[in-house]
Amino acid sequence: MSKASKLAENVLVYAAKGAWEVFERVNRINPNPSITPKWSDKPLLKSWQKEKPPLGWPRSTDSLCPKCVPEIRQQILDGKLPHEVLLNEKVGEIKATIIERDGQILMVKDCPKHGHFEDLMSTDPAFFKHLEESFPGRDIRAHNDEKLHNHGTSTVTHGRGSVLTIDLTNRCNMMCDPCFMDANQVGFVHELTWDEIKTMLDNAITIKPRRQMSVQFSGGEPTLSPYFLDAVAYARKVGYNSVQAATNGIEFAKSKELCRAACEAGLRYVYLQFDGIGNAANSHRKVGNLFDVKLQAIANLHEAGVDIVPVTTIINGINNEQVGRIVEFALDNPRTINFLSFQPVSFTGRDEDISDDRRLAQRYTLSHLAHDVKDQTGLGEPVRDWFPISFMSTFSDWADNVHGPNNDWGQLSCGCHPNCGIGMALMIDKETKEAVPVTAFINANRLAKDVAKVNDAARGKVLSIVGIGLALLRNYDPFKAPTHFKISDMMAKMDKTFGASGKNYGKVTGDRTADDIKLRRQDRWNFLFIAGMWFQDLFNYDFRRTEQCIIPYATQEGEISFCAYNTGVGWRNIIEKMHMTATLTKWYEEHGRHEIFAGGKKVGMAQQGHNLDLNMQHVNAEANHTLDDLGIAKNAREEKLRARDEKIKFEKVKADAESLRMAKLYREHVLGEKPVEGLVRLDSIAPAKPVTQRAEEPVAGD
């Protein structure tokens with residue numbers, strides 16, 4: 001845009017500021033009551049009605065003992081305790097305090113049996129405070145959910161969630177470290193039947209508020225399930241628009257046909273395991289050509305019409321230097337990547353029994369993420385440009401008001417705790433690749449407050465659209481926006497996201513076609529969202545987070561918070577054992593062994609080739625050697641091997657000492673030798689120095 005065009009837009013911004021003042025004063029007069037949509041038996045919440053958990057610090061919360069919980073879980077698995085104790089008792093629970101010390105936010109707690117524990121929550125108190133102050137509050141309390149939400153103190157109590165995860169199988173074709181579910185190592189197969197999959201999806205739409213949410217099929221590796229494509233199609237059939245697969249990408253890289261079939265079944269997103277740029281950056285996964293696999297999977301899926309979300313488990317000392325490289329990869333490929341998900345490591349599953357030294361060295365927080373993006377790319381001011389994911393729920397409330405009481409589904413609403421997830425949005429010009437944080441040219445804090453006022457008045461579709469239009473304009477700075485970005489582009493992006501006007505940007509519903517996919521991709525502007533989702537482990541567990549989880553798991557025992565299922569009291573271990581399909585031995589006898597890529601084995605791909613832009617310096621960089629330099633194990637397997645070697649070394653020293661003791665006793669009591677007191681080894685005596693005669697002294701004997 002020319003400077004004149006920017007000046008003209010600035011005039012429009014100032015006009016909107018004046019118009020907003022008039023609109024807002026009139027809008028405050030006799031606000032309408034909240035609507036009760038047919039997807040909820042309870043009315044939409046006004047901004048002041050939204051509940052908030054205790055925030056700030058120091059504050060007390062309910063947590064778990066990292067030692068008590070595994071002990072109790074094992075008793076349940078061994079049949080010594082019924083699993084109902086998790087419903088009726090506060091097993092393993094202890095109080096925790098969140099404090100600031102030496103410029104860091106910590107969780108500290110004490111168990112009367114196992115002593116003191118503490119762990120890092122944030123390296124930046126100002127950033128931590130900003131996230132909590134930006135939290136708009138919880139969603140509507142869950143209702144009509146008694147059948148599916150009954151898990152004692154781990155029960156989800158608010159909202160409907162954003163992503164319903166269904167593990168189709170615990171089988172996997174990799175042997176990763178880390179692995180929060182310990183795939184291929186539990187001694188049995190847990191794989192859902194077709195009837196179980198349908199029942200979980202049918203149950204999911206009974207809970208209210210009945211919000212549109214993503215359904216993510218996971219595992220293990222979900223593509224190993226014989227029902228993978230059927231599950232995708234059925235999820236679309238019952239009404240979910242955003243159907244996803246969380247995958248390592250191996251099967252998609254091997255087969256373009258699978259990619260096309262998945263898209264035709266209704267797969268919209270693939271959450272692709274993606275730990276860094278280059279095979280060295282992925283070497284800790286022990287697949288020889290894993291980065292090549294990722295690139296081929298991206299190429300195949302994008303060609304088929306499926307969108308890709310690289311998902312990165314970030315571990316200090318393993319791949320923390322890859323944060324900026326992955327962001328730059330997305331910036332270099334804006335027509336292919338429009339979402340990044342970083343997940344700081346959770347020490348659970350294979351890594352639950354971790355040493356303090358390794359845990360403290362590898363711990364990575366959301367504050368690390370925000371600062372690493374800035375330090376490694378120059379993009380984003382942590383306190384200005386990063387917000388809790390729940391910040392967007394204010395805009396979801398606006399869309400719910402616009403779509404009215406007769407809509408079949410509510411909007412997706414990310415109402416998680418501010419310590420759970422964060423995000424930063426970049427507006428990228430697909431043609432020039434210029435990228436600017438959205439919150440650099442839109443005053444996000446004031447915009448959210450303005451939109452909340454529009455929502456609280458509940459004026460209906462037309463006035464709600466007018467209100468948000470004025471709010472967007474008055475908080476917009478055209479001179480800080482990307483060079484070619486226009487006000488009309490901003491309005492179109494908002495409309496495309498929430499479907500307010502009804503304009504066709506390409507359907508996302510179950511009847512979408514290849515033309516719809518093509519139409520949605522024609523937009524010049526890529527709204528790249530960089531998300532950080534920090535799942536809990538036993539060292540930083542907070543039940544206030546579990547209560548408002550937005551990523552529940554669908555299981556044979558109801559829907560359970562992500563953290564309560566994978567960490568916490570460990571519902572996964574218990575439910576999979578309760579409903580196991582077969583022992584490994586029986587499974588292998590009946591089905592044979594599936595191929596596993598580990599130990600450096602390479603994946604064979606029939607077709608290879610992509611048009612992704614790569615920074616070859618990043619591709620060819622060495623792996624991170626930080627932990628090697630510190631002498632700290634990289635993963636659970638290495639830690640166990642080191643512990644075994646130390647034990648062997650200790651036992652050898654102990655055995656040598658015992659051998660010497662027995663030899664001494666033999667000489668004394670069998671041979672009758674008497675111990676010599678004050679015995680000194682001859683080789684330990686220094687040789688005498690020669691005597692030098694001094695001239696003035698007489699020589700003895702003269």
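What's counted below: heavy atoms across the whole structure, side chains too, no hydrogens, waters or symmetry copies.
Between Asn282 and Val287 there is no side-chain heavy-atom pair separated by less than 4.5 Å. Side chains of Ile428 and Leu331 form a contact here, defined as non-hydrogen atoms less than 4.5 Å apart. A 4.5 Å side-chain heavy-atom check between Leu55 and Pro418 finds at least one atom pair inside the cut-off. His302 has its side chain within reach of Ile308: a pair of non-hydrogen atoms, C-beta onward, lies under 4.5 Å apart. Using a 4.5 Å heavy-atom cutoff, the side chains of Pro53 and His417 are in contact. Leu614 places a side-chain heavy atom less than 4.5 Å from the side chain of Leu295. When side chains are defined from C-beta on, Tyr565 does not count as touching Ser154, because their heavy atoms never get closer than 4.5 Å. Residues Thr165 and Ile551 are in side-chain contact: their nearest non-hydrogen atoms beyond the backbone lie under 4.5 Å apart.
The pair Lys113-Glu71 counts as a salt bridge, with a side-chain nitrogen and a carboxylate oxygen less than 4.0 angstrom apart. A salt bridge does not link Glu638 to Arg358: none of the charged side-chain nitrogens sits closer than 4.0 Å to a carboxylate oxygen. A salt bridge does not link Lys109 to Asp542: none of the charged side-chain nitrogens sits closer than 4.0 Å to a carboxylate oxygen. Using a 4.0 Å cut-off between charged side-chain N and carboxylate O, Arg359 and Asp356 make a salt bridge. Comment: Asp628 engages Lys634 in a salt bridge, judged by a side-chain N to carboxylate O separation of less than 4.0 angstrom. The pair Arg544-Asp62 counts as a salt bridge, with a side-chain nitrogen and a carboxylate oxygen less than 4.0 angstrom apart. Ion pairing between Glu651 and Lys647 fails under the 4.0 Å rule for side-chain N and carboxylate O.
Asn333 places a side-chain N or O within 3.5 Å of a backbone atom of Asp613 that can act as its donor or acceptor partner. Using a distance-only test at 3.5 Å, with no hydrogens or angles considered, a donor-acceptor pair links the side chain of Thr155 to the main chain of Gly152. Using modelled atom types, no side-chain atom of His130 and backbone atom of Phe387 make a donor-acceptor pair closer than 3.5 Å. A side-chain donor-acceptor contact under 3.5 Å links Ser390 to the backbone of Cys416. Under the 3.5 Å distance criterion, the side-chain polar atoms of Asn300 are matched with a main-chain donor or acceptor of Phe252. Side-chain atoms of Asn316 come within 3.5 Å of backbone atoms of Arg363 as a donor-acceptor pair (strictly under, hydrogens ignored). For the pair Arg73 (side chain) and Val569 (backbone), a donor-acceptor distance under 3.5 Å is present. Checking side-chain atoms of His190 against main-chain N and O of Asn170 turns up no donor-acceptor pair under 3.5 Å. For Lys430 (side chain) and Pro334 (main-chain N/O), no donor-acceptor pair under 3.5 Å exists by modelled atom type.
Checking Glu221 against Thr247 by side-chain atom types alone, a donor-acceptor pair falls below 3.5 Å. For the residue pair Gln536 / Asn566, no side-chain donor-acceptor distance below 3.5 Å is found, with atom types taken as modelled. A donor-acceptor contact under 3.5 angstrom links the side chains of Asp124 and His371, judged on distance only. Counting only N and O atoms by type, the side chains of Lys294 and Gln273 include a donor and acceptor under 3.5 Å apart. Defined by atom type and a distance below 3.5 Å, a donor-acceptor pair is present between the side-chain atoms of Ser367 and Thr123. Side chains of Asn319 and Asn624: a donor-acceptor N/O pair is absent below 3.5 angstrom, by distance only.
Atom NZ of Lys433 sits in a crowded spot, with more than 12 heavy atoms from other residues, nucleotides or ligands closer than 6.0 Å. Within a 6.0 Å radius of NZ in Lys52, other residues, nucleotides and ligands contribute more than 12 heavy atoms.
Listed by first and then second residue, the salt bridge (charged side-chain N to carboxylate O under 4.0 Å, His left out) pairs that reach into residues 310-327 come to none, sequence neighbours excluded. The list of side-chain hydrogen bond (donor to acceptor under 3.5 Å, both in side chains) pairs with a residue in residues 376-389, not counting sequence neighbours, reads Lys374-Glu381, Asp385-Thr439. Residue pairs meeting the ring pair (Phe, Tyr, Trp, His ring centres under 6.0 Å) criterion with at least one partner in residues 311-359, sequence neighbours excluded, are Phe274-Phe329, Phe339-Phe529.
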List the steps and the verdict of side-chain hydrogen bond (donor to acceptor under 3.5 Å, both in side chains) for Gln322 and Thr312. CA-CA 9 Å; Gln322 293 293 323; Thr312 307; over 6 Å; no
Could you go through Glu132 and Arg59, starting from their C-alpha distance and side-chain angles, then the distance that decides it, and tell me whether this counts as salt bridge (charged side-chain N to carboxylate O under 4.0 Å, His left out)? CA-CA 13 Å; Glu132 295 197 341; Arg59 72 172 183 261; 2.9 Å; yes
Assess whether ring-ring contact (aromatic ring centres under 6.0 Å, His included) is satisfied between Trp57 and Phe128, documenting all intermediate values. CA-CA 10 Å; Trp57 66 86; Phe128 196 80; 5.7 Å; yes
Verify salt bridge (charged side-chain N to carboxylate O under 4.0 Å, His left out) between Lys254 and Glu251, making sure each step is shown before the conclusion. CA-CA 5 Å; Lys254 289 163 62 176; Glu251 296 303 315; 3.5 Å; yes
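Between Glu639 and Asp353 the shortest heavy-atom distance is OE1-O, 4.0 Å. Here the closest heavy-atom approach between residue Ala330 and residue Ile337 is recorded as CB-CG2, 3.8 Å. A pairwise comparison of heavy atoms in His284 and Asp275 identifies NE2-OD2, 3.0 Å as the closest pair. Minimum heavy-atom separation, Thr365 to Ser122: OG1-CA, 4.2 Å.
To the nearest 0.5 Å, the span separating CG on Asn320 from CG on Asp372 amounts to 6.0 Å. Remark: Ile250 CD1 to Cys172 SG distance equals 7.0 Å, nearest 0.5 Å. Summarising the geometry, atom CH2 belonging to Trp534 is positioned 13.5 Å from atom CD belonging to Gln343; distances are rounded to the nearest 0.5 Å. Rounding to the nearest 0.5 Å gives a distance of 5.0 Å between CG of Leu627 and CD1 of Ile318. Taken to the nearest 0.5 Å, the CD1 atom of Ile105 stands 11.5 Å off from the CE atom of Met107. The distance from the CG atom of Asp537 to the CG atom of Asp119 is 6.5 Å, given to the nearest 0.5 Å.
Under the side chain to side chain donor-acceptor pair (under 3.5 Å) criterion, Lys601 pairs with Glu595, sequence neighbours left out. For Phe543, the ring-ring contact (aromatic ring centres under 6.0 Å, His included) test picks out Tyr541, with sequence neighbours left out. For His158, the ring-ring contact (aromatic ring centres under 6.0 Å, His included) criterion is met by no residue, not counting sequence neighbours.
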